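Just so it is clear, the structure is predicted and the values come from calculations on it, not from any experiment. A, B, ... follow the sequence lines: proteins, then strands. Residue 1 opens every chain.
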There are 2 protein chains.
Amino acid sequence: MRTLYHPETKDIQLPAVLYALSDPIRLKLVSQLSEDAETDLELSCGELDMGVPKSTLSHHLKVLRESGITRTRLAGTQRFVTLRKGDLEGRFPGLLGAVTKAMAEDETKTTPDR
Amino acid sequence: MRTLYHPETKDIQLPAVLYALSDPIRLKLVSQLSEDAETDLELSCGELDMGVPKSTLSHHLKVLRESGITRTRLAGTQRFVTLRKGDLEGRFPGLLGAVTKAMAEDETKTTPDR
DNA sequence: GGGAGGGTTCGATAATATTCGAACAATTGA
DNA sequence: TCAATTGTTCGAATATTATCGAACCCTCCC
């Protein structure tokens with residue numbers, strides 16, 4: 001794995017983005033990344049604890065990355081993941097915001113889990 | 001099939017909605033329904049011509065309905081389908097708008113098809 | 001060179017989805 | 001009652017996806 005594929009902004013496809021966001025684990029990842037984006041924080045994969053084996057986590061992060069939702073930066077033995085907030089806003093204005101907002105609301109109403 | 005299942009507004013789930021929207025055909029259906037919603041028009045299934053067999057169309061309409069995106073009204077031998085715009089706006093503000101807008105933009109840039 | 005830390009890839013399994021023809025329902029109208 | 005119109009459901013084939021352990025790859029550092 002020399003380079004990680006990232007679609008160019010213009011090549012980000014709506015169905016792919018929506019699909020990537022349709023999984024609870026990936027939604028949760030986006031939610032967490034969204035919080036840290038507020039403070040320009042980068043998260044390493046290890047910090048994104050979803051309670052699943054790392055191979056599963058890796059899979060979900062790949063789906064997010066390849067759909068254009070996240071960017072993964074190589075740094076030594078670590079990978080730092082960030083939301084492509086600006087790119088997404090430019091491509092699909094309001095979409096990511098609506099999704100993260102919807103998640104935040106749901107959190108406050110119920111704190112299910114799973 | 002006596003009654004068609006529709007989730008209550010409060011029971012509409014974000015992942016299910018995003019999943020339903022992640023398919024190109026269903027996205028196109030939503031796009032078409034969105035246009036006609038402007039003029040309070042109801043569309044029968046037959047008017048939603050997606051170029052697929054009716055069993056396939058029926059399947060996609062079911063996914064949309066059961067996720068809470070559309071409402072299907074029985075009227076004789078026909079079914080009239082509408083977007084649950086208000087319900088969705090209340091549940092996930094801005095989401096549907098962002099999606100339909102994104103589709104509209106893409107249409108203008110490229111008129112692919114498929 | 002050789003661990004250790006941090007992730008990815010492989011492989012297999014199980015679960016879900018998509019697709020579409022054929023058969024089936026329900027309603028309307030002749 | 002019969003038949004046409006509109007859709008839905010069934011069934012089966014195909015394809016995708018999720019999941020996770022095991023093996024592997026890199027990089028840093030001693």
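In the set D:dC28, C:dT19, C:dG7, the nucleotide with an atom closest to the side chain of A:Lys54 is C:dG7. Out of C:dT27, D:dA18, D:dG7, the shortest distance to the side chain of A:Asp23 is found at D:dA18. The side chain of B:Tyr19 has C:dT18 as its nearest neighbour among C:dT18, D:dA18, D:dT27. Across C:dG7, D:dA22, D:dT6, the shortest atom-to-atom separation from the side chain of B:Thr77 is found for D:dT6. Closest to the A:Arg79 side chain, of the nucleotides D:dT19, D:dT6, C:dT8, is C:dT8. Comparing D:dA22, C:dT18, D:dT19 against the side chain of B:Arg26 picks out C:dT18 as the nearest. Residue A:Ser55 places its side chain closer to C:dT9 than to any other of D:dG7, C:dT8, C:dT9.
The residue from B:Asp87, B:Val17, B:Leu83 that alone fulfils the side chain to side chain contact (heavy atoms under 4.5 Å, CB included) condition with B:Leu96 is B:Leu83. Paired with B:Cys45 under the rule side chain to side chain contact (heavy atoms under 4.5 Å, CB included), one option of B:Leu29, B:Thr72, B:Leu61 passes, and it is B:Leu61.
Across the protein-nucleic acid pair, B:Leu29 atom CG and C:dT18 atom P stand 13 Å apart, rounded to whole Å. For the pair B:Met50 CE and C:dT18 C1', the computed distance is 17 Å after rounding to whole Å. Between the P atom of D:dA18 and the CD atom of A:Glu66 lies a distance of 12 Å, rounded to the nearest Å. Following rounding to the nearest Å, A:Leu74 (CG) and D:dC28 (C1') show an atom-to-atom distance of 15 Å. If you take NZ of B:Lys62 and P of C:dT19, they are 15 Å apart, rounded to a whole angstrom. D:dA12 atom P lies 18 Å from atom NE2 of B:His59, rounded to whole Å. Going from atom CG of B:Leu4 over to atom P of D:dT6 covers 18 Å, rounded to whole Å. The OH atom of B:Tyr5 sits 15 Å away from the P atom of D:dT9 (whole-angstrom rounding).
Here B:Arg71 does not pair with B:Glu42 in a salt bridge; the nearest charged N to carboxylate O distance is not below 4.0 Å.
Along DNA chain C, the nucleotide closest to B:Pro53 and the one closest to A:Gln78 are compared, and the more 5′ of them pairs with A:Gln78. Across the interface with DNA chain D, nearest-nucleotide mapping of A:Gly76 and A:Thr56 shows A:Thr56 to be the residue nearer the 5′ end.
The two atoms that bring B:Ser67 and B:Ala20 nearest to each other are OG-CB, 3.6 Å, heavy atoms only.
Within the nucleic acid shown, A:His60 comes within 4.0 Å of sugar-phosphate atoms alone, with no base atom in reach, counting heavy atoms only. Among the atoms of the strands shown, none is found under 4.0 Å from any heavy atom of A:Phe80.
Contacts of A:Glu66 classified as side chain to side chain donor-acceptor pair (under 3.5 Å), with partners at least two apart in sequence or in another chain: none.
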